[in-house]
Amino acid sequence: MTPPRPAATHNDAPRSSVPDSATPRPSARRRGRPPRTESAGTRDRILAAAREEFSARGYEKTSVRGIAKAAGVDSALVHHYFGTKEQVFEAAIEVAFAPALDAPDALAEGPADEVGERLTRFVLGIWEDPATRAPLLAVVRSAVDNDTAAAVLRRLVAAQLMRRIAARLELPDAELRAELAAAQLVGCAMLRYVIRLEPLASADLEQIIARVAPVVQIHLTAP
(Lines give C-alpha, C1' and ligand atoms only; values in the text may rest on other atoms or scores of the structure.)
Protein backbone atom coordinates (compact mmCIF):
# COMPACT_ATOMS: atom_id res chain seq x y z
CA MET A 1 0.00 0.00 0.00
CA THR A 2 1.37 3.34 -1.02
CA PRO A 3 2.06 5.59 2.00
CA PRO A 4 0.06 8.86 2.01
CA ARG A 5 1.80 12.01 0.68
CA PRO A 6 2.63 14.58 3.31
CA ALA A 7 0.41 17.69 3.41
CA ALA A 8 1.63 20.61 1.35
CA THR A 9 3.54 23.21 3.34
CA HIS A 10 4.01 26.96 2.79
CA ASN A 11 7.35 26.29 1.14
CA ASP A 12 5.61 24.06 -1.42
CA ALA A 13 3.36 26.87 -2.66
CA PRO A 14 3.62 27.34 -6.44
CA ARG A 15 5.85 30.16 -7.53
CA SER A 16 4.65 32.90 -9.81
CA SER A 17 5.55 32.38 -13.41
CA VAL A 18 6.28 36.10 -13.69
CA PRO A 19 10.00 36.77 -13.24
CA ASP A 20 11.08 39.29 -10.60
CA SER A 21 12.35 41.62 -13.28
CA ALA A 22 8.81 41.95 -14.62
CA THR A 23 7.33 43.05 -11.28
CA PRO A 24 6.14 46.65 -11.66
CA ARG A 25 8.31 49.17 -9.85
CA PRO A 26 7.80 52.92 -9.50
CA SER A 27 10.12 54.84 -11.75
CA ALA A 28 12.17 57.69 -10.32
CA ARG A 29 11.81 59.99 -13.29
CA ARG A 30 9.69 60.15 -16.41
CA ARG A 31 11.79 59.72 -19.55
CA GLY A 32 10.91 60.89 -23.01
CA ARG A 33 8.00 63.04 -24.08
CA PRO A 34 4.81 62.75 -22.03
CA PRO A 35 1.44 62.08 -23.65
CA ARG A 36 -0.21 65.14 -25.14
CA THR A 37 -2.74 65.25 -22.29
CA GLU A 38 0.07 65.55 -19.73
CA SER A 39 2.15 68.16 -21.56
CA ALA A 40 0.74 71.27 -19.89
CA GLY A 41 1.08 69.81 -16.41
CA THR A 42 4.63 68.64 -17.07
CA ARG A 43 5.65 72.03 -18.43
CA ASP A 44 4.19 73.81 -15.40
CA ARG A 45 5.94 71.40 -13.06
CA ILE A 46 9.28 72.10 -14.75
CA LEU A 47 8.72 75.86 -14.48
CA ALA A 48 7.84 75.58 -10.80
CA ALA A 49 10.94 73.52 -10.15
CA ALA A 50 13.06 75.98 -12.13
CA ARG A 51 11.82 78.94 -10.07
CA GLU A 52 12.61 77.09 -6.85
CA GLU A 53 16.08 76.09 -8.05
CA PHE A 54 16.96 79.59 -9.27
CA SER A 55 15.65 81.06 -6.02
CA ALA A 56 17.61 78.68 -3.81
CA ARG A 57 20.85 78.45 -5.82
CA GLY A 58 20.98 81.47 -8.10
CA TYR A 59 21.51 81.30 -11.85
CA GLU A 60 25.16 80.27 -11.73
CA LYS A 61 24.71 77.18 -9.55
CA THR A 62 21.44 76.00 -11.09
CA SER A 63 21.66 73.34 -13.80
CA VAL A 64 19.18 71.82 -16.23
CA ARG A 65 19.90 68.45 -14.63
CA GLY A 66 19.04 69.85 -11.19
CA ILE A 67 15.80 71.36 -12.50
CA ALA A 68 14.88 68.05 -14.14
CA LYS A 69 15.57 66.13 -10.93
CA ALA A 70 13.45 68.55 -8.89
CA ALA A 71 10.60 68.25 -11.42
CA GLY A 72 10.85 64.45 -11.58
CA VAL A 73 11.59 64.33 -15.30
CA ASP A 74 14.51 63.58 -17.58
CA SER A 75 16.86 66.40 -18.60
CA ALA A 76 15.95 65.82 -22.24
CA LEU A 77 12.37 66.79 -21.45
CA VAL A 78 13.50 70.14 -20.04
CA HIS A 79 15.44 70.79 -23.26
CA HIS A 80 12.43 69.68 -25.30
CA TYR A 81 10.13 72.26 -23.71
CA PHE A 82 12.53 75.16 -23.15
CA GLY A 83 15.93 74.66 -24.76
CA THR A 84 18.97 76.00 -22.92
CA LYS A 85 19.28 76.99 -19.25
CA GLU A 86 19.03 80.64 -20.32
CA GLN A 87 15.73 79.92 -22.05
CA VAL A 88 14.44 78.03 -19.00
CA PHE A 89 15.34 81.04 -16.86
CA GLU A 90 13.60 83.43 -19.22
CA ALA A 91 10.42 81.34 -19.21
CA ALA A 92 10.52 81.02 -15.42
CA ILE A 93 11.00 84.72 -14.73
CA GLU A 94 8.36 85.70 -17.28
CA VAL A 95 5.83 83.77 -15.20
CA ALA A 96 7.25 85.24 -11.98
CA PHE A 97 7.23 88.74 -13.46
CA ALA A 98 3.70 88.46 -14.85
CA PRO A 99 1.95 90.43 -12.05
CA ALA A 100 4.30 93.39 -12.64
CA LEU A 101 3.43 93.47 -16.34
CA ASP A 102 0.08 95.02 -15.46
CA ALA A 103 1.87 98.12 -14.12
CA PRO A 104 1.32 100.20 -17.31
CA ASP A 105 -2.44 99.84 -16.82
CA ALA A 106 -2.13 101.59 -13.46
CA LEU A 107 -1.06 104.75 -15.31
CA ALA A 108 -4.37 105.03 -17.15
CA GLU A 109 -6.77 104.30 -14.32
CA GLY A 110 -7.14 107.78 -12.81
CA PRO A 111 -6.08 111.45 -12.89
CA ALA A 112 -2.66 112.31 -14.30
CA ASP A 113 -1.61 114.09 -11.11
CA GLU A 114 -2.01 110.83 -9.15
CA VAL A 115 -0.10 108.56 -11.51
CA GLY A 116 2.95 108.47 -9.24
CA GLU A 117 0.95 107.20 -6.30
CA ARG A 118 -0.91 104.61 -8.38
CA LEU A 119 2.28 103.18 -9.86
CA THR A 120 4.12 103.21 -6.53
CA ARG A 121 1.24 101.52 -4.74
CA PHE A 122 0.91 98.91 -7.49
CA VAL A 123 4.61 97.97 -7.63
CA LEU A 124 5.23 97.92 -3.89
CA GLY A 125 1.97 96.02 -3.43
CA ILE A 126 3.38 93.19 -5.54
CA TRP A 127 6.49 93.08 -3.38
CA GLU A 128 4.44 93.26 -0.19
CA ASP A 129 2.46 90.12 -1.05
CA PRO A 130 4.49 86.99 -0.08
CA ALA A 131 2.91 85.00 -2.93
CA THR A 132 4.26 87.38 -5.58
CA ARG A 133 7.38 88.47 -3.71
CA ALA A 134 9.04 85.03 -3.56
CA PRO A 135 9.31 84.56 -7.36
CA LEU A 136 10.58 88.14 -7.76
CA LEU A 137 13.28 87.54 -5.18
CA ALA A 138 14.48 84.56 -7.24
CA VAL A 139 14.66 86.76 -10.33
CA VAL A 140 16.54 89.58 -8.62
CA ARG A 141 19.05 87.33 -6.87
CA SER A 142 19.87 85.51 -10.08
CA ALA A 143 20.20 88.76 -12.05
CA VAL A 144 22.53 90.28 -9.46
CA ASP A 145 24.81 87.22 -9.47
CA ASN A 146 25.09 86.52 -13.19
CA ASP A 147 25.48 88.64 -16.33
CA THR A 148 23.46 86.22 -18.47
CA ALA A 149 20.56 86.28 -16.04
CA ALA A 150 20.80 90.08 -15.85
CA ALA A 151 20.64 90.32 -19.66
CA VAL A 152 17.53 88.12 -19.75
CA LEU A 153 15.82 90.24 -17.09
CA ARG A 154 16.86 93.46 -18.82
CA ARG A 155 15.42 92.23 -22.11
CA LEU A 156 12.13 91.26 -20.47
CA VAL A 157 11.80 94.52 -18.53
CA ALA A 158 12.65 96.66 -21.54
CA ALA A 159 10.36 94.88 -23.99
CA GLN A 160 7.33 94.17 -21.83
CA LEU A 161 7.35 96.86 -19.16
CA MET A 162 9.39 100.01 -19.76
CA ARG A 163 8.31 100.54 -23.36
CA ARG A 164 4.67 100.04 -22.46
CA ILE A 165 4.91 102.54 -19.62
CA ALA A 166 6.69 105.02 -21.89
CA ALA A 167 3.95 104.65 -24.51
CA ARG A 168 1.37 105.69 -21.91
CA LEU A 169 3.21 108.91 -21.02
CA GLU A 170 3.13 110.65 -24.41
CA LEU A 171 5.84 113.07 -23.23
CA PRO A 172 9.37 113.93 -24.39
CA ASP A 173 12.04 111.51 -23.13
CA ALA A 174 9.29 109.08 -22.19
CA GLU A 175 11.59 106.04 -21.98
CA LEU A 176 14.07 107.87 -19.74
CA ARG A 177 11.21 109.04 -17.52
CA ALA A 178 9.88 105.49 -17.22
CA GLU A 179 13.32 104.09 -16.37
CA LEU A 180 13.98 106.76 -13.72
CA ALA A 181 10.63 106.00 -12.11
CA ALA A 182 11.43 102.28 -12.23
CA ALA A 183 14.86 102.90 -10.71
CA GLN A 184 13.21 104.68 -7.79
CA LEU A 185 10.79 101.82 -7.19
CA VAL A 186 13.24 98.98 -7.78
CA GLY A 187 15.80 100.61 -5.49
CA CYS A 188 13.19 100.94 -2.77
CA ALA A 189 12.11 97.32 -3.21
CA MET A 190 15.72 96.07 -3.12
CA LEU A 191 16.48 97.84 0.16
CA ARG A 192 13.19 96.90 1.80
CA TYR A 193 12.62 93.32 0.63
CA VAL A 194 16.00 91.95 -0.51
CA ILE A 195 18.66 93.67 1.61
CA ARG A 196 16.12 94.41 4.38
CA LEU A 197 17.79 97.62 5.44
CA GLU A 198 16.31 99.15 8.58
CA PRO A 199 14.31 101.26 9.24
CA LEU A 200 12.99 100.95 5.68
CA ALA A 201 12.40 97.20 6.00
CA SER A 202 10.03 97.66 8.95
CA ALA A 203 8.44 100.98 7.98
CA ASP A 204 4.70 101.19 7.37
CA LEU A 205 3.88 100.71 3.68
CA GLU A 206 1.63 103.77 3.57
CA GLN A 207 4.45 105.92 4.93
CA ILE A 208 6.78 104.67 2.21
CA ILE A 209 4.20 105.28 -0.53
CA ALA A 210 3.62 108.82 0.77
CA ARG A 211 7.34 109.61 0.48
CA VAL A 212 8.21 107.75 -2.73
CA ALA A 213 5.14 108.52 -4.85
CA PRO A 214 5.86 112.28 -5.28
CA VAL A 215 9.34 111.47 -6.63
CA VAL A 216 7.88 108.93 -9.07
CA GLN A 217 5.30 111.55 -10.08
CA ILE A 218 8.07 114.04 -10.90
CA HIS A 219 9.90 111.50 -13.06
CA LEU A 220 6.75 110.65 -15.01
CA THR A 221 5.04 114.01 -15.50
CA ALA A 222 7.26 117.00 -14.60
CA PRO A 223 8.15 119.34 -17.51
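Side chains are part of it too, since the values below use all heavy atoms of this structure and drop only hydrogens, waters and symmetry mates. For this chain, numbers begin at 1 and follow the sequence in order.
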Problem set entry | With sequence neighbours excluded, residues passing ring-ring contact (aromatic ring centres under 6.0 Å, His included) with Phe122 |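 For Phe122, no residue satisfies ring-ring contact (aromatic ring centres under 6.0 Å, His included) once neighbours in sequence are set aside.
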
Spacing of [X] atom [atom1] and [Y] atom [atom2] [to the nearest 0.5 Å]:
| X | Y | atom1 | atom2 | result |
| --- | --- | --- | --- | --- |
| Cys188 | Arg211 | SG | CZ | 11.5 Å |
| Ile67 | Ile46 | CD1 | CD1 | 9.0 Å |
| Gln184 | Leu119 | CD | CG | 11.0 Å |

Problem set entry | Stacked cation flag Lys85 on Phe54, 6.0 angstrom / 45 deg |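 The answer is no, since Lys85 fails at least one limit relative to Phe54.
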
Under 3.5 Å donor-acceptor, [X] side chain and [Y] backbone:
| X | Y | result |
| --- | --- | --- |
| Arg45 | Ala71 | yes |
| Glu198 | Ser202 | yes |
| Lys61 | Ala56 | no |
| Arg177 | Ala222 | yes |

Exercise. Around atom CZ of Arg133, are there more than 12 heavy atoms of other residues, nucleotides or ligands at under 6.0 Å?
Worked result: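 Count over threshold, so yes.
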
Exercise. Is it true that atom CG of Asp204 has more than 12 heavy atoms of other residues, nucleotides or ligands lying nearer than 6.0 Å?
Worked result: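 Atom CG in Asp204 is crowded, with more than 12 foreign heavy atoms closer than 6.0 Å.
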
Can you find a heavy atom in the side chain of [X] that is under 4.5 Å from one in the side chain of [Y]?
| X | Y | result |
| --- | --- | --- |
| Asp147 | Tyr59 | no |
| Phe82 | Leu47 | yes |
| Thr62 | Phe89 | no |

Exercise. How would you list all residue pairs meeting side chain to side chain donor-acceptor pair (under 3.5 Å) that involve residues 113-122, not counting sequence neighbours?
Worked result: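 Sorted result for residues 113-122: Glu117-Arg121, Arg121-Glu206.
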
Exercise. So if you build clusters from Ile, Leu, Val, Met, Phe, Trp, Tyr with side-chain heavy-atom gaps below 4.5 Å, do Met162 and Leu176 land together?
Worked result: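 Different hydrophobic clusters.
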
Exercise. Is Arg192 paired with Glu128 through a side-chain N to carboxylate O contact shorter than 4.0 Å?
Worked result: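 Yes, charged N to carboxylate O under 4.0 Å.
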
Exercise. Which pair of non-hydrogen atoms, one from Leu169 and one from Ala174, has the smallest distance, and what is that distance?
Worked result: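 Between these two residues, the closest heavy atoms are CD1-O, 3.6 Å.
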
